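First comes the structure, then the notes that go with it.
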Amino acid sequence: MKTLLDKTVEKSPHWYPLLLCATRTGMREGELIGLKGIDLDFRGQFIEVQRILSRGELTTPKNGKTRRVDMSGQLKDVLQELLSKKRAAALRKEMEKPAGERRDAATVVNEVMEEWLFTTPAPRAGKQLDPSNLRKVFQSLLTAAKLRRIRFHDMRHSFASLLIGQGESLAYIRDQLGHHSIQITVDTYGHLVPGGNRQAVDKLDDLSSKTVERTELDERAAEA
C-alpha cells in the first residue's frame, strides 16, 4: 500500500486522495465514486456512506443501510486539504464574474459540498468518475509502482487484513466494511485471526492448572 501511495503522489497526485481513502477505509469502489463533501464529518472524524454507484445508477449502500466509517488522522488531513482547494477554486471562479452576477460565498461553498468529492482530472475536471476508467488508472499506477496486478476491490480485503493483523475485532471490521452480518465477516476473514484457536485452548490449560492447584490447596487445608 505504501509503495502504491508513494508512486501515486509522484506520478498522479490527483488520484492520491481517492486511493488513500480506499486503503484507509475499505470502502467499495462505487461508494468512493458516490462520495460528496457533505458526507465528511471532520469534527467527528468519520465518513457517512450514504450512496453507491452500481451499474450506472446511484443507490443506497449494498446492504441497504447507510453507515459511518472512521477516518484516520492522515486521511482527515488529506480530505480537508482537498475540499479547501475545491472551495478556493470555486470562489476564485465566482469572483471572475461581473459584480452584479456574483453569488455570496456561503452559496458557492455549499454548492461545492454538494458536488462529487472525487472527480475526473483536467481537461474534464469536475465530472463524476467512470468505474472502468478508474480501474484503468489503478492498473497503470500498479504498473508504475512495479506491483503485481490486483483488482481495485482487493484494497478492501487488504484493509481488513491489516486491521486483523493489528488485533482489531471482527465486529469492528464488520461495521467498517458494512457487511450485512458478522457471519459474512467471519467466513471471509476469520481464518486470518492470528493464533485465535490456539490461544483459546491455551486458556483452557491455564484454567485446568489453576483448578488443580485450588483443589490441592483445599485438600491440604482440610487435612490440617
Side-chain angles (χ1 to χ4, degrees), residues 1 5 14-91 105-120 125-131 134-135 138 152-164 166 168-185 188-189:
M1 281 187 177
L5 292 171
H14 172 85
W15 299 103
Y16 176 70
L18 186 152
L19 289 184
L20 182 67
C21 192
T23 59
R24 294 292 186 273
T25 66
M27 289 174 61
R28 300 176 179 90
E29 177 188 81
E31 292 173 342
L32 291 163
I33 293 175
L35 274 184
K36 295 184 176 183
I38 55 173
D39 300 327
L40 309 183
D41 188 318
F42 294 113
R43 180 173 297 180
Q45 205 160 318
F46 62 82
I47 298 172
E48 190 86 26
V49 182
Q50 303 189 63
R51 65 196 74 80
I52 183 172
L53 182 69
S54 178
R55 299 179 180 178
E57 296 184 1
L58 283 171
T59 64
T60 54
K62 192 171 181 180
N63 65 3
K65 298 179 181 179
T66 64
R67 74 180 188 282
R68 292 180 175 182
V69 297
D70 294 331
M71 276 193 284
S72 69
Q74 181 187 15
L75 179 60
K76 173 186 172 183
D77 292 342
V78 169
L79 295 185
Q80 275 186 320
E81 182 180 4
L82 175 62
L83 277 177
S84 293
K85 289 180 177 179
K86 286 177 176 285
R87 289 192 291 262
L91 289 170
T107 300
V108 175
V109 168
N110 287 338
E111 187 176 85
V112 170
M113 298 299 287
E114 290 284 352
E115 294 173 350
W116 306 118
L117 180 62
F118 303 122
T119 58
T120 55
K127 301 294 184 181
Q128 187 182 46
L129 294 173
D130 177 82
L134 175 57
R135 290 179 211 129
F138 179 62
F152 190 95
H153 191 79
D154 289 331
M155 289 192 291
R156 178 171 164 87
H157 295 316
S158 296
F159 167 78
S161 301
L162 289 172
L163 285 183
I164 290 173
Q166 293 176 176
E168 301 299 334
S169 71
L170 291 177
Y172 176 73
I173 294 168
R174 172 204 59 195
D175 293 341
Q176 290 294 107
L177 295 181
H179 285 160
H180 180 67
S181 70
I182 189 67
Q183 190 61 49
I184 296 173
T185 314
T188 307
Y189 301 108

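None of the values given here were measured: they were computed from a predicted structure. Sequence positions, counted from 1, serve as the residue numbers for this chain.
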Are the side chain of [X] and the backbone of [Y] linked by a donor-acceptor contact shorter than 3.5 Å?
X	Y	value
Arg156	Met27	no
Thr120	Lys127	yes
Asp77	Gln74	no
Thr188	Thr185	no
Gln45	Met71	yes
His179	Ala171	no

To the nearest 0.5 Å, how far apart are [atom1] in [X] and [atom2] in [Y]?
X	Y	atom1	atom2	value
Glu81	Tyr16	CD	OH	10.0 Å
Leu162	Thr23	CG	OG1	9.0 Å
Lys36	Leu40	NZ	CG	12.5 Å
Leu129	Leu18	CG	CG	6.5 Å
Phe138	Met155	CZ	CE	4.0 Å
Leu170	Asp175	CG	CG	11.0 Å

**Study point:** Worked check of side-chain contact (heavy atoms from CB on, under 4.5 Å) between Val49 and Thr66
**Key:** CA-CA 5 Å; Val49 182; Thr66 64; 6.0 Å; no
Compare all side-chain heavy atoms of [X] with those of [Y] and state whether any distance is below 4.5 angstrom.
X	Y	result
Phe42	Leu79	yes
Arg28	Leu32	no
Leu83	Met113	yes
Ile184	Arg174	no
Arg24	Leu5	yes
Ile52	Thr60	no
Asp70	Tyr172	yes

Review point. Got a salt bridge between Arg51 and Asp39, using NZ or NE/NH1/NH2 to carboxylate O under 4.0 Å?
Key: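 Here Arg51 pairs with Asp39 in a salt bridge, since their nearest N and O are under 4.0 Å apart.
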Point to revise | Stepwise side-chain contact (heavy atoms from CB on, under 4.5 Å) check, Ile173 with Phe159 | key: CA-CA 9 Å; Ile173 294 168; Phe159 167 78; 5.8 Å; no
Review point. Is it true that the NZ or CZ of Arg135 lies under 6.0 Å from the centre of Phe152's six-membered ring and within 45 degrees of the ring axis?
Key: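 No, cation not above the ring by the 6.0 Å, 45° rule.
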Of all the heavy-atom pairs spanning [X] and [Y], show the shortest one and how long it is.
X	Y	result
Gly34	Leu58	CA-CD2, 4.3 Å
Ala160	Leu177	CB-CD1, 3.9 Å
Pro131	Ile33	CG-CD1, 3.9 Å
Pro17	Leu82	CB-CD2, 4.0 Å
Ile47	Cys21	CD1-SG, 4.0 Å
Trp116	Lys86	O-NZ, 3.9 Å

Review point. Pick one: which of Gln176, Gln50, Glu31, Glu48 meets side-chain contact (heavy atoms from CB on, under 4.5 Å) with Arg67?
Key: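 Looking at Gln176, Gln50, Glu31, Glu48, the match for Arg67 under the side-chain contact (heavy atoms from CB on, under 4.5 Å) is Glu31.
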Exercise for review: Test Arg68 against Asp41 for side-chain contact (heavy atoms from CB on, under 4.5 Å), laying out the working first.
Suggested key: CA-CA 10 Å; Arg68 292 180 175 182; Asp41 188 318; 6.0 Å; no
